[in-house]
2 protein chains.
Amino acid sequence: MGRGKIVIRRIDNSTSRQVTFSKRRNGIFKKAKELGILCDAEVGLVIFSSTGRLYEYASSSMKSVIDRYGRAKEEQQLVANPNSELKVSLNCDLKSCRS
Amino acid sequence: MGRGKIVIRRIDNSTSRQVTFSKRRNGIFKKAKELGILCDAEVGLVIFSSTGRLYEYASSSMKSVIDRYGRAKEEQQLVANPNSELKVSLNCDLKSCRS
DNA sequence: CGAGCTATATATAACGT
DNA sequence: TACGTTATATATAGCTC
């Protein structure tokens, strides 16, 4: 998206990499916000630059996103590896929640 | 970006919302991957659709991103609220790491 | 440097099937 | 309803200041 087409590989020149990082970081944060609003989704985005600096965006709060992520992952594990008497009822509950 | 300009507000029609969600989700994941590669950044993206389904992308692993996020947040707290004898040495260390 | 400025490359909204 | 298509809106690469 620009004057010339680029190949997606690490930008060697440090200055160019910083400039591109700044521009694209702004772009992806905007996209994340739009997705959250347009589609009523909960979005969490964490980015560490190559210099180690943290940038973040969450449509709600990062804590909320990470907590929910942990719970969702636990559910995935249970469904993939059912090993308790909760299997049947849990599967039913999950399926009924899906669109 | 399309046949018509849209306003960024929640899409009321459920079907349209799902379609837009699917397209934009793909788009933002692509952007996240490109940013990670081009700029040598560590990226973590978590999205919960309005139906509650989880979608995720991490340039490394989500665990790595979340762990690093937690550590970065702790550092931010320490720098913002210095309340220990570690203040001076920690500030020095952090500053020397910045570009 | 960091902040704009276009020309182009991409993403995607509105339609077709 | 889920997939292609394509006209348009956006993002952004390379420059300029």
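These figures come from a predicted structure and were not determined experimentally. Naming: A, B, ... by sequence-line order, numbering from 1 per chain.
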Is the shortest side-chain N/O distance from K30(B) to OP1 or OP2 of dA11(C) below 4.0 Å?
yes
N or O in side chain of T20(A) less than 4.0 angstrom from dT12(D) OP1/OP2
no
To the side chain of T15(B), which of dA13(D), dT1(D), dA11(D) is closest?
dT1(D)
Which whole-number value in Å describes the distance from [X] [atom1] to [N] [atom2]?
{"X": "R24(B)", "N": "dA11(C)", "atom1": "CZ", "atom2": "P", "value": "12 Å"}
{"X": "M1(A)", "N": "dT6(C)", "atom1": "CE", "atom2": "P", "value": "19 Å"}
{"X": "I28(A)", "N": "dT12(D)", "atom1": "CD1", "atom2": "P", "value": "9 Å"}
{"X": "E34(B)", "N": "dA11(C)", "atom1": "CD", "atom2": "P", "value": "6 Å"}
{"X": "L35(A)", "N": "dA11(D)", "atom1": "CG", "atom2": "P", "value": "14 Å"}
{"X": "R17(A)", "N": "dG2(C)", "atom1": "CZ", "atom2": "P", "value": "15 Å"}
{"X": "Q18(B)", "N": "dT12(C)", "atom1": "CD", "atom2": "P", "value": "17 Å"}
{"X": "K31(A)", "N": "dT10(C)", "atom1": "NZ", "atom2": "P", "value": "14 Å"}

Without swapping roles, check the side chain of R17(A) against the backbone of D12(A) for a donor-acceptor pair under 3.5 Å.
yes
Are [X] and [Y] packed together at the side-chain level, in the sense that at least one heavy-atom pair is separated by less than 4.5 angstrom?
{"X": "I28(A)", "Y": "I28(B)", "result": "yes"}
{"X": "I6(A)", "Y": "L38(B)", "result": "yes"}
{"X": "I47(B)", "Y": "F21(B)", "result": "yes"}

Closest contact, heavy atoms only, S60(B) versus E42(B):
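It is OG-OE2, 2.5 Å.
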What do the steps show when you test K63(A) against K73(B) for side-chain contact (heavy atoms from CB on, under 4.5 Å), and what is the final call?
CA-CA 11 Å; K63(A) 181 179 186 332; K73(B) 276 301 184 181; over 6 Å; no
Can you list the steps and then say if E75(B) with L54(A) is a side-chain contact (heavy atoms from CB on, under 4.5 Å)?
CA-CA 11 Å; E75(B) 276 184 3; L54(A) 166 67; over 6 Å; no
Pairs under 3.5 Å (N/O, protein and nucleotides 14-17 of chain C):
residue: dA14(C); atom: N6; partner: K23(B); partner atom: NZ; Å: 2.8

